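Please read all numbers here as calculations on a predicted model, not as lab measurements.
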Amino acid sequence: MGSRQEAERRPTLAEIKATWPPAVDVPTAATAFGMSRSKAYELVARDEFPAKVAKYGGRIMVITESLVRALSAGD
């Protein structure tokens, strides 16, 4: 039970800046925006995800710097 709650916890902007790698997977980025994994993939498919998305091989990744900019725009 505790691990699910921890996985759904929204990270702070400071945590993202300090600890996240240059690119993260879509489910991880979704936590930063407080959205579900399925909603995040839906937005990616429609080219409407609020941060820059890039494909690396067969993986879809979100550029952390663009995620930080998107989250900072709301401040």
Partners passing salt bridge (charged side-chain N to carboxylate O under 4.0 Å, His left out) against Arg59 (at least two apart in sequence or in another chain): none
Residues forming a salt bridge (charged side-chain N to carboxylate O under 4.0 Å, His left out) with Glu65, sequence neighbours excluded: Arg69
Is there a continuous path of hydrophobic side-chain contacts, each under 4.5 Å between heavy atoms, that joins [X] to [Y]?
X: Val44; Y: Met61; answer: no
X: Val26; Y: Ile63; answer: no
X: Trp20; Y: Met35; answer: yes

Any donor-acceptor N/O pair, Thr28 side chain to Val24 backbone, under 3.5 Å: no
Reported NZ-to-OG1 distance for the pair Lys52 and Thr64, which is rounded to 0.5 angstrom: 12.5 Å
Lys55 side chain reached by Ile60 side chain, heavy atoms, under 4.5 Å: yes
Sequence neighbours excluded - salt bridge (charged side-chain N to carboxylate O under 4.0 Å, His left out) pairs with any residue from residues 12-22: Arg9-Glu15
Partner residues of Ala51 under the side chain to side chain contact (heavy atoms under 4.5 Å, CB included) criterion, sequence neighbours left out: Phe33, Phe49, Val62, Ser66, Leu67
With sequence neighbours excluded, residues passing side chain to side chain contact (heavy atoms under 4.5 Å, CB included) with Pro27: Asp25, Arg37, Tyr41
Residue pair Ala30 / Ala40: nearest heavy atoms and the distance that separates them: CB-CB, 3.6 Å
Verdict with supporting geometry, Glu48 and Leu43, side chain to side chain contact (heavy atoms under 4.5 Å, CB included): CA-CA 5 Å; Glu48 295 177 4; Leu43 293 174; 4.0 Å; yes
Partners meeting side-chain hydrogen bond (donor to acceptor under 3.5 Å, both in side chains) with Ser38 (sequence neighbours left out): Ser36
